[in-house]
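All chains are named by letter (A, B, ...) in the order of the sequence lines, taking the proteins before the strands, and each is independently numbered beginning at 1.
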Amino acid sequence: AQTVTQSQPEMSVQEAETVTLSCTYDTSESDYYLFWYKQPPSRQMILVIRQEAYKQQNATENRFSVNFQKAAKSFSLKISDSQLGDAAMYFCAYPRAGNQFYFGTGTSLTVIP
Amino acid sequence: GAVVSQHPSWVICKSGTSVKIECRSLDFQATTMFWYRQFPKQSLMLMATSNEGSKATYEQGVEKDKFLINHASLTLSTLTVTSAHPEDSSFYICSASEREPAYEQYFGPGTRLTVT
């Protein structure tokens, strides 16, 4: 079965510091995409970053970057210079056949002023 | 960027009545639309996948007759909760993708359903 695991239900970080959220997944595919989505209190799902598995270079979007370890099936999200607006639920997602997403259970991130 | 809207954002209905939720892709054609249900502090649970002009594919355990999905056009999908009961109260989210394989899904803002 293809699954996504987020082992950190809650994380906290001081404002301006760096935090890393973990995600592992299981797949037998060789080419695929991985996503991190953010869900703030408004509950609108927002794409944070996307990684293409065939690209060895880790994706980066401003203060957000990933550490993609294909062999280990690990896809962690690093948030640098954390801001109060980063407080949200973060979901790791893997699309299976038919475009359907497997979502992890989520990590609730608190940013401490 | 691609925008998906949902209407209504919040609905309250009486037990036994039906309620329809609309999901629209505003600036792209959605080949596939998805409906999710989310309980507080939990992840998104996929309910069904729909492609324009064809019947929706429901996930195991989701009642087809209770949650009617119609994907009438490339920009509109509707979810009708029939004979709603308090246990159907939840947050419903739709998403859309414009091509396969999924490069990403674009999410609507969600609909909070409260059944009294």
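Using a 30° and 60° split on the angle between ring planes, B:Tyr36 and B:Phe34 fall in the tilted class, from 30° to 60°.
Looking at A:Thr107, its side chain does come within 3.5 Å of a backbone N or O of A:Gln8 through a donor-acceptor pair. Looking only at distances, a side-chain donor or acceptor of B:Ser43 sits under 3.5 Å from a matching main-chain atom of A:Gly104.
Chain A is approached within less than 4.5 Å, heavy atom to heavy atom, by B:Phe91, B:Ile93 from residues 82-95 of chain B, ordered by number. Listed in order of number, the residues of residues 109-116 of chain B that approach chain A to under 4.5 Å between heavy atoms are B:Pro109, B:Arg112.
In this structure, A:Phe101 has its ring center at least 6.0 angstrom away from the ring center of A:Phe91. Outside the 6.0 Å centre-distance limit, the rings of A:Tyr25 and A:Tyr102 are not counted as a close aromatic pair.
No side-chain N or O of B:Glu52 forms a donor-acceptor pair with one of B:Gln29 less than 3.5 Å apart. When only modelled atom types and interatomic distance are considered, B:Ser77 and B:Trp35 share a side-chain donor-acceptor pair under 3.5 Å. Side chain to side chain, A:Thr27 and A:Tyr32 fail the donor-acceptor criterion of an N or O pair below 3.5 Å.
Considering only heavy atoms from C-beta on, A:Lys38 comes within 4.5 Å of A:Pro40 through its side chain.
Across A:Phe35 and A:Pro95, no two heavy atoms sit closer than the pair CE1-CG, 3.8 Å.
Using a 4.5 Å cut-off between heavy atoms, B:Glu59 contacts chain A through its side chain alone, with no backbone atom that close. Using a 4.5 Å cut-off between heavy atoms, A:Gln6 does not touch chain B at all.
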